[in-house]
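A quick write-up on the structure given underneath.
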Number of protein chains: 2
Amino acid sequence: MKPGPSERPALPVNEPRRRPTINDVARLANVSKKTVSRVINQSPFVNKETRERIETVIKDLGYAPDPVARGLASRRSYLVGLIYDNPNPQHVIDTQQGILDIIRGSGLELAIHPCNRRDKDFLSGVRGFIDRQKLAGVILPSSVSEDEDLVAVLREHDTPYIRIASVLLDEPEHSIVTNDSEGARQAAEHLAGLGHRIIAHVSGPDTFRSSHERRRGFVEGLKTADLALDKKLDLRAGYTFQSGVEAGRRLMAMQTRPTAVFCGNDEMAAGVCQAIRETGLDIGKDVSVVGFDDSPLASRMWPALTTVLLPIRASGRMASVRLIGDRLTKEPQEEDRQGEVHPTLVVRASSGPVKA
Amino acid sequence: MKPGPSERPALPVNEPRRRPTINDVARLANVSKKTVSRVINQSPFVNKETRERIETVIKDLGYAPDPVARGLASRRSYLVGLIYDNPNPQHVIDTQQGILDIIRGSGLELAIHPCNRRDKDFLSGVRGFIDRQKLAGVILPSSVSEDEDLVAVLREHDTPYIRIASVLLDEPEHSIVTNDSEGARQAAEHLAGLGHRIIAHVSGPDTFRSSHERRRGFVEGLKTADLALDKKLDLRAGYTFQSGVEAGRRLMAMQTRPTAVFCGNDEMAAGVCQAIRETGLDIGKDVSVVGFDDSPLASRMWPALTTVLLPIRASGRMASVRLIGDRLTKEPQEEDRQGEVHPTLVVRASSGPVKA
DNA sequence: GCGAGCATTGACACCGGTGACAATAAGGGA
DNA sequence: TCCCTTATTGTCACCGGTGTCAATGCTCGC
């Protein structure tokens with residue numbers, strides 16, 4: 001906030017090296033700029049020879065259309081928005097990376113907008129974001145994807161969006177499904193297969209759909225082994241390390257201690273492991289622990305954590321293809337055209353056969 | 001790449017609810033749009049009453065200038081770019097968050113551009129990014145901040161930039177310093193104070209300036225305790241977990257085994273811990289380990305890792321203030337106007353007194 | 001009373017594209 | 001041969017702001 005003496009300081013601009021514009025191309029190709037515009041927009045209504053002539057000029061000049069000008073004229077920018085509310089950095093990074101895998105090289109850029117769904121001005125912040133920038137589209141990873149108010153805002157602003165969610169929503173064409181329950185089912189079957197009968201569950205907050213999905217899958221998996229989830233062994237925690245520690249302590253203090261624990265994410269699993277250690281018990285021997293996410297933590301812990309790998313990056317790619325597939329310069333991989341990913345169990349040392 | 005039958009499918013637009021433009025404001029305030037433009041740009045050459053009248057209309061209308069149009073006219077967009085090449089997700093997230101702390105609410109957005117400095121077309125990718133979008137500015141966190149070619153490209157395109165680096169560069173006005181060596185010095189003094197005399201160092205790759213800075217500080221700290229770094233105990237690793245495991249194994253196999261290890265980051269420290277465990281030794285008792293970064297891993301490991309906390313988020317805030325401080329709506333905190341951050345040692349269980 | 005100088009405001013072109021629609025040329029059937 | 005289509009291209013306004021520079025109205029010193 002310091003307006004200089006003149007209205008604008010005027011940077012020292014090197015005039016000579018100026019980016020070519022559509023006018024330069026038009027002049028050199030001896031056509032109107034509208035025709036050049038058609039060529040860059042892949043309009044089919046351009047004569048083959050004309051197109052080739054223009055393409056040559058474009059290449060010679062090293063011309064690239066200005067996304068800002070295009071955005072103004074077409075009332076839609078070349079920015080993809082990523083709105084998220086996720087405390088897991090790896091999850092965020094993977095999602096970002098997946099989106100970039102796809103849009104890289106297509107002239108689109110990724111603008112990020114972390115937020116906090118519990119803030120009272122959460123929605124107005126998001127509204128400002130999508131309204132100011134006329135986003136080409138928005139990707140909503142798990143958690144914010146469940147926010148119907150947010151989705152309503154996007155619809156209201158005619159902003160395309162894709163939701164990445166743990167389970168199929170009522171808008172399949174706007175969704176990518178991560179099938180969390182499948183992973184939890186595998187975890188349950190794995191533990192049951194190791195002979196465990198008293199298996200606890202530490203879940204994330206009820207406000208997350210993924211918490212429910214993971215529990216549902218887990219219960220389903222138990223059922224195939226003729227087991228049921230004991231209500232007393234079904235603990236709500238907060239997806240955080242500390243909440244995992246506390247849940248773990250409660251479990252370890254029970255008279256009939258569980259021989260295995262399935263946790264809704266790796267952070268909580270690490271917390272549970274800490275609580276187990278405090279008790280002097282051996283992880284993977286006395287008590288087996290299974291997490292969810294396959295975060296970097298899982299493989300770096302000791303003993304390394306058995307967990308469920310969720311292909312987050314792939315889900316980001318799929319969401320991007322679905323969102324702006326028709327604007328891409330390179331044809332996307334077939335696998336990235338799918339609408340869902342499937343989790344897989346990664347068995348490590350934190351889970352082992354039940355002690356006799 | 002599928003051009004429809006018509007040149008553009010034309011979305012179903014809800015005409016009625018249209019964003020107010022500068023023209024609407026001008027008409028209602030009975031002035032020219034240029035004067036409105038002056039008001040939104042805080043020009044001092046506007047009569048107080050006129051300004052107030054216009055501000056009222058702006059508020060009534062809920063008018064907000066269109067960043068895309070502004071970008072086109074002023075030849076500088078409202079996008080801040082973050083270019084990085086860093087495998088540590090927490091580091092990246094913290095930097096992003098720091099930048100957003102500052103630009104949030106000012107109409108600027110953050111566009112991210114991860115890259116790989118070893119790619120041969122790394123520079124052309126970056127060039128495309130900053131040239132297409134006429135970025136308001138670019139922030140270069142540690143690692144890419146050391147790339148002189150990259151900086152040259154930015155200068156060439158008249159794009160403002162701020163470098164976040166471990167040590168003061170020759171462009172102080174474009175830099176934020178993280179003083180990594182200070183943290184390493186504290187780590188050395190901490191270990192020496194615990195009575196350790198045989199202290200190893202596991203560093204990151206030589207291609208990172210931070211590796212050198214951390215070593216330099218470490219050596220400096222040893223010196224204050226009249227110790228020197230034994231060349232045989234100074235191992236190069238790769239900032240990765242696996243490289244830490246390998247370095248740790250080499251250290252544990254030595255005939256005069258070090259009683260303490262200082263690692264250039266937490267990932268490698270976790271790897272070293274794994275190697276120590278494989279040997280059957282006790283971390284924090286037989287061998288002390290100190291890391292660098294205070295990543296989430298550090299506090300979740302067992303035993304928890306003594307490490308150096310680097311205020312990355314704060315450095316992101318400082319970089320942003322320095323980059324676009326004059327475009328901010330809210331006055332930044334005094335502390336965010338600084339040009340450097342200072343690391344602090346976080347003592348946990350992985351370091352303890354040397355065994356008698 | 002008058003020109004200079006400052007404060008304030010406006011006119012207008014332009015930033016670099018796109019949309020709507022007109023214009024033109026070429027081909028085809030009556 | 002002539003009109004109607006279809007294919008291709010161009011014209012022109014406009015997207016929503018900013019830059020340049022001129023115009024206007026006042027105040028002040030002499």
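Letters A, B, ... are given to chains in the order of the sequence lines, protein chains preceding strands, and every chain is numbered from 1. Below, each value reflects all heavy atoms present in this structure, side chains not excepted, and no hydrogens, waters or symmetry copies.
The side chain of A/R75 approaches D/dG16 more closely than any other nucleotide in the set D/dT9, D/dG19, D/dG16. Here D/dT18 is the nucleotide among D/dG17, C/dG17, D/dT18 with the atom lying nearest to any side-chain atom of B/S37. When distances are taken from the side chain of B/R70 to each of D/dT18, C/dG17, D/dT9, the shortest belongs to D/dT18.
Contact annotation for B/V31: backbone-only contact, meaning every heavy-atom pair under 4.0 Å involves sugar-phosphate atoms and none involves a base.
Checked by distance alone, B/R38 brings a side-chain donor or acceptor within 3.5 Å of a matching partner on the base of C/dG10. Donor-acceptor pairing under 3.5 Å, judged by distance alone, is absent between the side chain of A/K34 and the base of D/dG10.
Rounded to an integer number of Å, the gap from OH of B/Y63 to P of D/dG16 is 10 Å. Rounded to whole Å, the distance from CZ on A/R76 to P on D/dG16 is 14 Å.
Look at A/Y78 and you won't find any side-chain N or O under 4.0 angstrom from OP1 or OP2 of C/dT18. Neither OP1 nor OP2 of D/dA7 sits under 4.0 Å from any side-chain N or O of A/N47. Distances shorter than 4.0 Å separate some side-chain N or O of B/S32 from OP1 or OP2 on C/dG10. For C/dT9, one of the phosphate oxygens OP1 or OP2 lies less than 4.0 angstrom from a side-chain nitrogen or oxygen of B/T50. For the OP1/OP2 pair of C/dG17 and a distance below 4.0 Å, the side-chain nitrogens and oxygens of A/N23 include no atom meeting the criterion.
Of the charged side-chain nitrogens involved, at least one lies within less than 4.0 Å of a carboxylate oxygen, so that B/R155 and B/E171 count as a salt-bridged pair. By the 4.0 Å N-to-carboxylate-O rule, B/D66 lies close enough to A/K134 to be salt-bridged with it.
Taking the six-membered ring where tryptophan is involved, the planes of B/H174 and B/Y161 are perpendicular, since the angle between them exceeds 60° and thus also 30°.
The nearest heavy atom of DNA chain C to A/L72 and to B/V46 marks one nucleotide each, and the one closer to the 5' end goes with B/V46.
Between B/E109 and A/R132, the closest side-chain pair of non-hydrogen atoms falls below 4.5 Å.
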